[in-house]
Asks: 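One structure is given below, represented as structure tokens, and several questions about it will come after.
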Amino acid sequence: MKQRVSALLRDKFNCDVLLEKPKDRAFGHFSTPIAFSLSRELRKSPMIIAEEIANSFGDESMFGAVESVKGYINFRLSETFLDEYASWALSHGEQFGSDDKKGTILLEFVSANPTGPLHIGHARGAVYGDTLLRLGRHLGYDITAEYYVNDAGNQIDLLGTSLQLEGRSALLGEEVQWPEKYYRGEYLSALAKEVQSQFGDDALRDESRQKELALWAKDKILELIVDDLKAINVHFDTFVGEASLYDEWDRVMAKMGDGVYVDEGKTFIRSSGLGDDHDRVVVRDDGRPTYLAGDIIYHNQKFERGYEHYINIWGADHHGYIARVKAAIKFLGYNPEKLEVQLSQMVSLLKDGEPFKMSKRAGTVIQMSDVVEEIGADALRFMFASKKCDTALEFDIEELKRQDSSNPIYYVQYAHARIQTLVSKSEMSLEDIMNSRLIGLSADADGLLFEALVLPEVIEDAFESRQAQKLPDYLKALAAKLHKFYYDTRVIGHEDETKLLKLLLVVALSLKTGLSLLGIEAKDRM
RNA sequence: GCGUCCUUAGCUCAGUUGGAUAGAGCAAUGCCCUUCUAAGGCAUCGGUCAGAGGUUCGAAUCCUCUAGGGCGUACCA
């Protein structure tokens with residue numbers, strides 16, 4: 001809709017014209033402050049320029065009125081245009097707002113270590129990533145959702161150790177020395193039991209079998225994680241394991257050429273000068289690769305697969321890694337600008353107003369699945385999707401769990417359910433409703449219709465600016481308009497019943513489509 | 001110290017990328033169900049947009065400085 005207005009203006013002025021939605025509908029559907037920027041060039045007052053421009057729109061069928069007010073040019077769309085657009089939207093169903101954008105994108109997110117189930121801190125990245133995925137696909141992009149599995153390195157060794165200690169302590173009744181850091185939790189107890197029944201007591205004692213057990217446990221844990229994700233409607237297309245990539249190590253190192261060098265038995269990457277403070281160790285002097293090494297071969301593999309664009313969603317604590325990884329990409333001979341890293345800031349937790357630290361050791365980790373069980377996946381998704389992800393956010397744990405009807409998701413769902421009730425109660429046939437024309441609507445109805453028709457712009461804006469929270473914000477605003485309209489206007493028995501129902505069907509369509517892009521199913525009844 | 005992301009109502013957050021009178025939800029107070037679902041609506045209360053300069057027709061938004069906070073600054077992941 002906006003695209004069409006904008007295209008028309010581009011033809012007229014031979015340049016892109018900034019269009020905005022005025023806060024006050026009295027100023028029309030769209031407006032532009034272009035006269036202000038032209039006034040210097042033309043040496044005329046903005047008011048006069050706006051007047052002239054407004055008058056130059058004679059008989060465009062798209063507009064009902066074009067007016068100049070205090071230097072702004074306000075456009076009011078014509079009723080026939082809006083009606084036709086509404087009919088077009090209804091005929092497209094949930095494809096409303098879709099587009100045919102081109103491009104392949106590899107989107108990597110979550111990628112939590114396979115050493116335990118997901119905790120509440122992982123929810124942000126998962127929800128944000130999946131929302132972007134759905135938005136992008138709706139717009140036509142060919143996007144692959146990928147999970148990078150860190151199945152190599154210290155944390156895997158630690159997993160093996162933790163598993164054996166847990167088994168020896170809890171199952172065999174042995175006194176054990178707990179190391180500084182180790183994993184614990186119900187999932188680990190359960191895994192230890194499984195080890196005992198499947199591999200016998202010896203497996204818990206034999207330290208030479210730690211690695212084998214760790215790798216076995218890692219797969220089991222990954223299944224837990226996949227289940228956690230499934231519970232919030234998040235699905236990945238591909239899983240890439242770090243360990244599986246090391247076969248290509250020599251080839252990748254050769255590919256980096258001068259980008260790497262050896263000093264005192266260690267291999268460094270020449271990342272300083274490319275936005276990094278100093279060069280980083282890639283391989284230690286004992287031959288063990290660092291975490292960065294895994295990322296280098298992984299990104300090489302990503303680029304060899306040949307996507308046009310790459311998006312990584314990382315926690316903010318990884319931001320120091322961006323420069324290093326980009327340096328590696330450059331040395332590998334690829335364009336680092338193709339890699340876009342979106343940082344999601346930390347989620348910090350409060351309990352009774354006091355900062356609350358999740359600690360594996362103290363067993364105070366709040367699992368995502370527990371929260372989902374309490375408040376439901378829809379509420380959790382909507383809550384996390386509503387937050388802009390470049391600010392750190394604080395959640396009070398009790399409040400998080402208390403979220404019931406005060407969660408905005410119910411406000412949006414209720415709006416959708418109210419419409420469905422009206423449609424099912426009405427005696428009007430669907431055919432009559434669809435054939436009615438949205439002419440002569442009240443100002444409130446017009447405002448509601450326009451808000452519902454704006455969905456495609458919201459989707460595009462939310463995805464292209466990577467600000468997924470714009471979609472839930474929009475849905476809340478649309479629901480608010482609907483609730484007000486519902487309260488003010490009695491639809492059943494209204495002289496314009498068919499028209500109003502058509503209008504409401506458009507609203508329901510936008511709500512349903514928007515919710516599905518958030519991974520939430522709209523409810524017909526509450 | 002350096003890098004980076006931030007600071008908007010009592011709390012949690014928006015603010016259309018520089019536009020018209022800075023907005024929601026929660027919390028507080030008071031109204032509205034013999035009317036299509038009150039999981040709703042209306043009203044009141046609440047602001048030095050952290051502070052100070054600058055850029056211009058116009059700044060919460062851009063620039064500089066100051067104060068405060070998160071994260072990073074590992075041969076941990």
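Heavy atoms only: backbone and side chains are in, while hydrogens, waters and symmetry mates are out. Every chain is numbered from 1 and lettered A, B, ... according to where its sequence line falls, protein lines coming before strand lines.
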Asks: Does K484(A) reach a base, just sugar-phosphate, or nothing at all? Heavy atoms under 4.0 Å.
Replies: sugar-phosphate
Asks: Do the side-chain N or O atoms of Q420(A) get closer than 4.0 angstrom to the phosphate oxygens (OP1, OP2) of C36(B)?
Replies: no
Asks: With a 4.0 Å cut-off on heavy atoms, is H483(A) in touch with a base, just the backbone sugar-phosphate, or nothing at all?
Replies: sugar-phosphate
Asks: NA contact type, T290(A), heavy-atom cut-off 4.0 Å: base, sugar-phosphate, or nothing?
Replies: sugar-phosphate
Asks: Who are the salt bridge (Lys or Arg N to Asp or Glu O under 4.0 Å) partners of K481(A), not counting sequence neighbours?
Replies: E451(A)
Asks: Identify whether the glycosidic angle of C49(B) places it syn (within 90° of 0) or anti.
Replies: anti
Asks: Side chain of H318(A), base of G72(B): donor and acceptor closer than 3.5 Å?
Replies: no
Asks: Among residues 451-460 of chain A, which ones have heavy-atom contacts with RNA chain B below 4.0 Å?
Replies: none
Asks: Ignoring hydrogens and geometry beyond distance, is the side chain of T115(A) in donor-acceptor contact with the base of A77(B) at under 3.5 Å?
Replies: no
Asks: With centres under 5.5 Å and planes under 30°, do Y486(A) and G40(B) count as stacked?
Replies: no
Asks: Let me know, please, whether Q467(A) or A316(A) comes out on the 5' side of the other along RNA chain B by nearest nucleotide.
Replies: Q467(A)
Asks: Assess the pair Y72(A) and F27(A): is the distance between their ring centroids shorter than 6.0 Å?
Replies: no
Asks: With RNA chain B as reference, determine whether L343(A) or D488(A) sits nearer its 5' end, using the nearest nucleotide of each.
Replies: L343(A)
Asks: Before we go on, tell me: are the rings of F450(A) and F30(A) under 6.0 Å apart, centre to centre?
Replies: yes
Asks: What nucleic acid atoms does S426(A) come within less than 4.0 Å of, heavy atoms only: base, sugar-phosphate, or nothing?
Replies: nothing
Asks: Think Q469(A) has a side-chain N or O under 4.0 angstrom from the OP1 or OP2 of G15(B)?
Replies: yes
Asks: Hey, can you pull the donor-acceptor pairs under 3.5 Å for the side chains in residues 507-515 of chain A, sequence neighbours left out?
Replies:
{"residue": "S510(A)", "atom": "OG", "partner": "A452(A)", "partner atom": "O", "Å": "2.6"}
{"residue": "T513(A)", "atom": "OG1", "partner": "L509(A)", "partner atom": "O", "Å": "2.6"}

Asks: Need one value for S424(A): base, sugar-phosphate or nothing, where a base atom within 4.0 Å counts as base even if backbone is also close, heavy atoms only.
Replies: nothing
Asks: Any chance you could lay out the side chain to side chain contact (heavy atoms under 4.5 Å, CB included) test for H119(A) and M368(A), step after step, and finish with the verdict?
Replies: CA-CA 5 Å; H119(A) 59 70; M368(A) 193 174 82; 5.9 Å; no
Asks: Verify the contact: side-chain N or O of K476(A) to OP1 or OP2 of G23(B), cut-off strictly under 4.0 Å; return yes or no.
Replies: no
Asks: Hunt down the Watson-Crick or G-U wobble partner of U44(B), both distances under 3.5 Å, from any strand shown, or write none.
Replies: A28(B)
Asks: State, to 0.1 Å, how close K523(A) and Q413(A) come at their nearest heavy-atom pair, and which atoms those are.
Replies: N-OE1, 2.9 Å
Asks: Look through every strand shown and name the nucleotide pairing with G58(B) as Watson-Crick or G-U wobble, where both distances are under 3.5 Å.
Replies: none
Asks: Identify whether NZ of Lys or CZ of Arg in R381(A) sits under 6.0 Å from the centre of the six-membered ring of F384(A) and within 45° of that ring's axis.
Replies: no
Asks: Kindly say if Y411(A) contacts the phosphate of G41(B), meaning a side-chain N or O under 4.0 Å from OP1 or OP2.
Replies: yes
Asks: Please state whether the phosphate of A77(B), meaning OP1 or OP2, lies under 4.0 angstrom from any side-chain nitrogen or oxygen of N154(A).
Replies: yes
Asks: Taking only the side-chain nitrogens and oxygens of R280(A), find out if one of them lies under 4.0 Å from OP1 or OP2 of U73(B).
Replies: no
Asks: In whole Å, what is the span from the CD atom of E464(A) to the C1' atom of U16(B)?
Replies: 16 Å
Asks: If C33(B) has a Watson-Crick or G-U wobble mate with both distances under 3.5 Å, name it; if not, just say none.
Replies: none
Asks: Counting only distance, no hydrogens or angles, is the base of A20(B) paired donor-acceptor with the side chain of N74(A) under 3.5 Å?
Replies: yes
Asks: Determine the contact category for S45(A): base if any of its heavy atoms lies under 4.0 Å from a base atom, sugar-phosphate if only primed atoms, P, OP1 or OP2 are that close, otherwise nothing.
Replies: nothing
Asks: Just to be sure I understand the rule, does A415(A) reach a base, reach only the sugar-phosphate, or reach nothing, if contact means heavy atoms closer than 4.0 Å?
Replies: nothing
